There are 2 protein chains.
Amino acid sequence: MVTLKQLAKELNVSISTVSKALNNSEEIGEETVKRVKELAQLYNYTPNKVALSLKQNKTKTIGVIIPDILNHFLAKVLFGIEREATKRGYNIITCISNESLEKEKEALELLANGSVDGFVLCVAEETQIEGEVNHFKRTIAKGLPIVMFDRVAHDVLCDKVIVDDFDATYRATKSMQLKKRKNIAFISRINDLSVGKLRERGYNKAILEESNQEPLVLNLKKKDDSQQKIKAFFKKHKNIDGVISADSSSGIIAINTALNKGYKVPKDISVIGFASKSVSNHSIPRLSIIRQHANQIGANAADLLINRLEKKFDEEIEFKTKIVKTSLVLSKSTLK
Amino acid sequence: MVTLKQLAKELNVSISTVSKALNNSEEIGEETVKRVKELAQLYNYTPNKVALSLKQNKTKTIGVIIPDILNHFLAKVLFGIEREATKRGYNIITCISNESLEKEKEALELLANGSVDGFVLCVAEETQIEGEVNHFKRTIAKGLPIVMFDRVAHDVLCDKVIVDDFDATYRATKSMQLKKRKNIAFISRINDLSVGKLRERGYNKAILEESNQEPLVLNLKKKDDSQQKIKAFFKKHKNIDGVISADSSSGIIAINTALNKGYKVPKDISVIGFASKSVSNHSIPRLSIIRQHANQIGANAADLLINRLEKKFDEEIEFKTKIVKTSLVLSKSTLK
DNA sequence: GTGAAAGCGCTAACAC
DNA sequence: GTGTTAGCGCTTTCAC
């Protein structure tokens, strides 16, 4: 890489003159500015990022900690974060916690050594189960702001971006009840997560408001064979005429299993699931989905963080919790 | 963050003494080392990464440029890269090119300012279509090594990690022919990519080796409604009894479409697709898949790069092209 | 055994 | 209008 020093030497001026010229300082003569800029252009000079970071004590880099990159929703949020960050001149360093508390702690500590200006993260499953939050608090105490999205730790004071999980399943369930569905089941593979619990509660509320059905819930474990479990579940509960699914796979598998057992979809059974448009293609008829607008969640999270990073020194910003509303997109897996 | 300076002041010694003590230099007295280490521990001192990078002229950071993070295969490779990098003490800065040549160039230039020590990347679709490679060559000329994976630019001299695409579809097609399939179609949504073309060629070769069938290919565009196109394709070619799919969705959609049209799978029609285990769950019976071992591809790519970064100054390493072989995993969507 | 000083690349306050 | 200097946090050579 070319440095100011080299340019200065070649031009027979001082380093600071070159620096000022390139930064359009008023102090420098027109002629000099021109000469400097031309040489800089010629040598393709770009200021060394590391030196700038050291000098200005900020890196313009965001640490992103994601529990699972293979989760389509999380990948999409990452995409939203990256886009917003890039737009505002920030890079992202990505760490994957693999749903492990230990790895989450490590990532936080590793990057808190000056590598990043702040964090955008989604809390790991293990962290949620154990209810651990001290590593978050320590990081914030060090002066590194955190923005949490989707799965959040409620007792940590920071900006948050969440989904209206409770309302989403409540409304989805209600919409099925309106079509006279009487035996609506709830299938989830994310029962351990805060968002999974909220989704179940939304479903429960809708069910309990109608006096003629008890909640009917199938909780799958990560290691379960979903196809088999869902098949057995349908076999056991023959009168199911609706399924709300809390994760992206279960809904698709539910439709395909129902079809496989000879049910007509949506005549005999309606299915709605949290999923993305691309996954909804994996069944015929297409899965009706609860869209989470993952992109927007990511963009919002990055936005909140960058706003905080760039606030004036004396300015105080209150911690915000932004709710990104889901949309219910009905396709042919539900009754019109 | 605590700095050496602060520790030095508090201990009434010089900065260099503190530095040496923490780095276990022989020069420093036992007693001093102890005092220094204790205080460092107490204050949770960690060396400032940025200062270290500036001093040592390397960042221990890898730039990763991915065309599309929502592509499950690419996300999995990213996972592999991250894991290997973390294991070897490197961070990754991720940029998403969105299949755009322009964004790929930008990312490369943006990070070539001292932010990273080298790149792991997958060539964007637009870059492949236009056959542009100068930005890669420029980057390498600047002293930043590149490792390409999956989609590679053959006329750039660098390390590469690829899949045996040609062989994979050749073998998959052959395996169907062995089961007496006579009308095997090929469906692809990635016809524009180098890997897509290789996969089609592997299929073609197998088909042309048998004299009784002409290749039957359906190329889908990104914006196409795959369900509809595949349905129409089946309608037009009623005698199809096998499908090889080049991307992860088409295989699933092919099975579901076939079932929807009343075909029995695998009795009437066999399907094999490039896909991951989790996606193979989205049909009943499960899709038989060509596994690409994305994790390993990522790990290998990171490995090649880091080896090159850490080679001794005078050591020359030849450019390697590593082929990660696919595995054909047959499930019940193909005949036993 | 400890410290002073230089230097990585850059900016900015302060001379001249 | 241009240059000198200090300093961001760190390592390392060289004095003492």
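Per chain, numbering begins at 1; letters A, B, ... match sequence-line order. Here the structure is a predicted model, which is why all the values come from computation and not from measurement.
Contacts of B:Glu104 classified as side chain to side chain donor-acceptor pair (under 3.5 Å), with partners at least two apart in sequence or in another chain: B:Thr127, B:His135. Among residues two or more places apart in sequence or in another chain, the side chain to side chain donor-acceptor pair (under 3.5 Å) test is passed with A:Asn44 by none. Every residue two or more places apart in sequence or in another chain that forms a side chain to side chain contact (heavy atoms under 4.5 Å, CB included) with A:Gln128 is listed here: A:Val123, A:Arg151, A:Leu193, A:Ser194. With sequence neighbours left out, the side chain to side chain donor-acceptor pair (under 3.5 Å) criterion links A:Arg138 to no other residue.
Judged as a side-chain hydrogen bond (donor to acceptor under 3.5 Å, both in side chains), the pairs with a partner in residues 24-38 of chain B (not counting sequence neighbours) are, in order, B:Lys20-B:Glu27, B:Asn24-B:Lys37. Among residues at least two apart or in separate chains, salt bridge (Lys or Arg N to Asp or Glu O under 4.0 Å) pairs with a member in residues 60-75 of chain A are A:Lys60-A:Glu310.
Both A:Asn23 and B:Asn12 lie close to DNA chain C; mapped to their nearest nucleotides by heavy-atom distance, the more 5′-ward contact belongs to B:Asn12.
Think of the region where chain B sits on DNA chain C: with heavy atoms and a 4.0 Å cut, that region ends 5' and 3' at C:dG1 to C:dG9. If you walk DNA chain D from 5' to 3' and mark each nucleotide with an atom closer than 4.0 Å to a heavy atom of chain A, the marks span D:dG1 to D:dG9.
Within a 6.0 Å radius of CD in B:Glu315, other residues, nucleotides and ligands contribute more than 12 heavy atoms.
Near DNA chain C, meaning a heavy atom under 4.0 Å from it, residues 31-62 of chain A has A:Tyr45, A:Pro47, A:Asn48, A:Ala51, A:Leu52, A:Lys55 in order of number.
A:Phe136 pairs in a side-chain contact (heavy atoms from CB on, under 4.5 Å) with only one of the listed residues (A:Leu108, A:Leu157, A:Asp155), which is A:Leu108.
Counting any heavy atom pair closer than 4.0 Å across all strands shown, B:Ser16 reaches a base atom. Note on B:Lys20: a base of the nucleic acid sits closer than 4.0 angstrom, heavy atoms only.
Between the side chains of B:Ser14 and B:Thr17, a donor-acceptor pair is found at a separation under 3.5 Å. The closest side-chain donor-acceptor pair between A:Thr61 and A:Asn91, if any, does not fall under 3.5 angstrom.
Checked for salt-bridge contact, A:Lys322 and A:Asp303 miss the test: no charged N lies under 4.0 Å from a carboxylate O.
The bend of the helix from C:dG1-D:dC16 to C:dC16-D:dG1, defined by the angle between the axes of its first five and last five pairs, stands at 60° to the nearest 10°.
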Donor-acceptor contacts, no H, no angles, side chain residues 5-12 of chain A, under 3.5 Å, sequence neighbours left out:
from    : atom 1 : to      : atom 2 : distance (Å)
A:Gln6  : NE2    : A:Thr3  : OG1    : 3.3
A:Glu10 : OE1    : A:Tyr43 : OH     : 3.2
A:Glu10 : OE2    : A:Tyr43 : OH     : 2.7

Name every donor-acceptor pair, under 3.5 Å, that has one atom in a side chain of residues 79-87 of chain A and the other anywhere in the protein, sequence neighbours excluded.
from    : atom 1 : to      : atom 2 : distance (Å)
A:Glu82 : OE2    : A:Thr86 : OG1    : 3.3
A:Glu82 : OE2    : B:Ile96 : N      : 3.1
A:Thr86 : OG1    : A:Glu82 : O      : 2.8

